[in-house]
A.B. asks: 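Dropping a structure here in structure tokens format, bear with me for questions.
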Amino acid sequence: MSKIHKEKTIDAQSGRSSSKEQQLISQAKAGDMVAFQQLIEQQEQQIYSTALGMLGHEQDARDVTQNTFIRFYKSLKDFRGDAQLSTYLTRIAINLSLNEIRSKSRRAGWMRLIGKDEKQIDLPDHSQDPDREDTRQMVQDAIRQLPPDFRSVVVLRMIEGYSTKETAEILDLPMGTIGSRLSRAQQQLKTILSGWLDRQA
Amino acid sequence: MKAIDLLHASYDRELTRKEAQFLEQALSNDPDLLREKQQLDQLRALLSTQQSSLQESVADAVIQELEAEKVALSNDLVRWFPRVAAACLMIIFAMLVQIYVQNGTINSDSLMGIQELELYDAYSLTLEELE
């Protein structure tokens, strides 16, 4: 069985960030904004991809990515480097994404209450449409139908390629819970994407 | 462990030789399990290609936002300091007015709250006690 592998700038022995990254972090802590900008440029792709997987909306993902780094900067002096920088930032991004999902859900509920429905958050299931060509949109629609807790596991484990251990560390959950949620999420995705899967068969 | 659980576990860790053999046998005997594996493989392959790329860096926007927050904080301090200082002065003035109304004067004694003493209050011991 093949495993998803992810290349990261890690020290093989300690699992910490590379020495270059640690140097940039030290410089950023000392107030070097050029060093902080370099850190952003190294990590932003991964953070954006994670946020987009969670939110399914480019501008929202971009906002979460920006806020992730702003929040990181403000907590920079407390960052000890015990965890990899990518793990730390991804955790922030996931939390901000979950906050955004809850916020949108509350807004949608309030709008329904006062009789002004917004555009549905839960998009119609297009997986049964044999003519659907936009695979990426199809996958985003499917993921957005998952509960937020399942969504985060799917995004981290199956899209971003983090191991079960790394996913558990990011989400601060036991590995058994990650496995359980992933299994249930996969079953839901299979149901949502059954049309596409049948076509592949 | 059931074959289906082993199948799911196989995506997260290396199976032992015994587990791998058990799973392989189960897959060859159970078409439903085999179909489950094929669908999971397809699903995982589909999702593994869904990473998105950022078209425009957010670095500049982040730096600008942080700089703007610094300026805003500095402006807030500059804006609020005179108001806080004026409020403190007014409080001190009100306290002085109260002291004047109570004591009829503003001197060191009235500011410290020392009242006028009777002469005998100044003595802590009588001559008899001293003897």
Side-chain angles (χ1 to χ4, degrees), chain A residues 1-4 33-34 36-41 44-53 58 61-63 65-70 72-74 135-136 138-140 142-143 154-155 157-161 163-165 167 175 178-180 182-183 186-187 189-190 193-194 196-198 200-201, chain B residues 1-27 31-73:
Chain A
M1 305 290 173
S2 64
K3 292 199 174 7
I4 300 169
M33 294 307 283
V34 173
F36 185 69
Q37 185 159 354
Q38 287 183 38
L39 284 173
I40 296 175
E41 288 165 356
E44 60 183 349
Q45 286 287 350
Q46 182 180 321
I47 301 303
Y48 173 77
S49 182
T50 300
L52 187 59
E58 288 184 5
R62 199 175 166 82
D63 290 343
T65 304
Q66 271 181 232
N67 289 333
T68 296
F69 289 108
I70 289 172
F72 172 55
Y73 183 81
K74 291 180 178 176
T135 308
R136 181 177 292 276
M138 175 190 72
V139 172
Q140 282 186 358
I143 291 175
V154 167
V155 168
R157 184 75 184 90
M158 300 179 76
I159 295 179
E160 296 304 315
S163 68
T164 302
K165 185 181 174 191
T167 303
M175 285 175 60
I178 299 299
S180 168
L182 187 61
S183 179
Q186 284 174 158
Q187 293 304 316
L189 283 173
K190 273 177 50 190
L193 295 170
S194 59
W196 181 85
L197 288 169
D198 288 341
Q200 303 309 306
Chain B
M1 188 182 263
K2 293 180 185 175
I4 185 68
D5 295 331
L6 210 51
L7 174 63
H8 285 286
S10 68
Y11 291 103
D12 290 330
R13 62 174 175 84
E14 290 289 339
L15 299 181
T16 63
R17 183 182 289 186
K18 195 176 173 185
E19 287 173 331
Q21 284 175 348
F22 177 79
L23 181 59
E24 199 172 328
Q25 195 170 3
L27 286 168
D32 288 338
L33 186 68
L34 184 62
R35 186 161 182 268
E36 174 79 7
K37 178 186 178 308
Q38 287 168 345
Q39 289 187 333
L40 285 175
D41 286 342
Q42 287 163 354
L43 186 64
R44 284 175 164 263
L46 174 66
L47 292 176
S48 68
T49 61
Q50 296 304 307
Q51 284 188 347
S52 304
S53 59
L54 185 61
Q55 299 302 317
E56 187 185 340
S57 172
V58 299
D60 288 341
V62 170
I63 301 294
Q64 281 176 14
E65 175 74 23
L66 290 171
E67 294 292 333
E69 283 187 7
K70 277 184 196 172
V71 170
L73 180 63

A.B. asks: With a 4.5 angstrom heavy-atom cut-off, which part of A/Lys165 approaches chain B: side chain, backbone, both or neither?
C.D. replies: neither

A.B. asks: Given heavy-atom pairs under 4.5 angstrom as the criterion, report whether the side chain, backbone, both or neither of A/Val155 touches chain B.
C.D. replies: neither

A.B. asks: So which atom in A/Ala51 and which in A/Thr65 form the shortest heavy-atom distance, rounded to 0.1 Å?
C.D. replies: CB-OG1, 4.3 Å

A.B. asks: Would you check if the side chain of B/Ser48 reaches a backbone N or O of B/Ala45 as a donor-acceptor pair within less than 3.5 Å?
C.D. replies: yes

A.B. asks: Looking at residues at least two apart in the chain, or sitting in another chain, which of them share a salt bridge (Lys or Arg N to Asp or Glu O under 4.0 Å) with A/Glu44?
C.D. replies: none

A.B. asks: Please report the closest heavy-atom contact between B/Leu43 and A/Gln186, naming both atoms and the distance.
C.D. replies: CD2-O, 3.8 Å

A.B. asks: Tell me, do B/His8 and B/Lys2 make a side-chain contact under 4.5 Å, heavy atoms counted?
C.D. replies: no

A.B. asks: Could you tell me whether the side chain of A/Asn67 reaches within less than 4.5 Å of the side chain of A/Ile70, counting heavy atoms only?
C.D. replies: yes

A.B. asks: Is there a side-chain contact between A/Trp196 and B/Leu46 (heavy atoms, below 4.5 Å)?
C.D. replies: yes

A.B. asks: Which bit of A/Leu52 comes within less than 4.5 Å of chain B, counting heavy atoms only: side chain, backbone, both or neither?
C.D. replies: side chain

A.B. asks: Under 4.5 Å heavy-atom distance to chain A, tell me which part of B/Gln55 shows up: side chain, backbone, both or neither.
C.D. replies: neither

A.B. asks: Please state whether the rings of A/Phe72 and A/Phe36 are parallel, tilted or perpendicular, taking 30° and 60° as the class boundaries.
C.D. replies: parallel

A.B. asks: Heavy-atom pairs under 4.5 Å with chain A: which of B/Gln42, B/Glu65, B/Glu69 has the most?
C.D. replies: B/Gln42

A.B. asks: For chain B, which candidate among A/Gln140, A/Lys74, A/Gln45, A/Met33 shows the most heavy-atom pairs at distances under 4.5 Å?
C.D. replies: A/Gln45

A.B. asks: Against chain B, label A/Ile143 side chain, backbone, both or neither, depending on which of its atoms sit under 4.5 Å from a heavy atom there.
C.D. replies: side chain

A.B. asks: Just so I understand: if I count every heavy-atom pair under 4.5 Å between each of B/Ser52, B/Ser57, B/Ala20 and chain A, which residue has the most?
C.D. replies: B/Ser52

A.B. asks: For B/Glu67, is it the side chain, the backbone, both, or neither that has a heavy atom closer than 4.5 Å to a heavy atom of chain A?
C.D. replies: side chain

A.B. asks: Name the option with the most non-hydrogen atom pairs under 4.5 Å to chain B; the candidates are A/Glu58, A/Gln37, A/Gln66, A/Arg62.
C.D. replies: A/Arg62

A.B. asks: What part of A/Leu182 lies closer than 4.5 angstrom to a heavy atom of chain B: side chain, backbone, both or neither?
C.D. replies: side chain

A.B. asks: For B/Gln39, is it the side chain, the backbone, both, or neither that has a heavy atom closer than 4.5 Å to a heavy atom of chain A?
C.D. replies: both

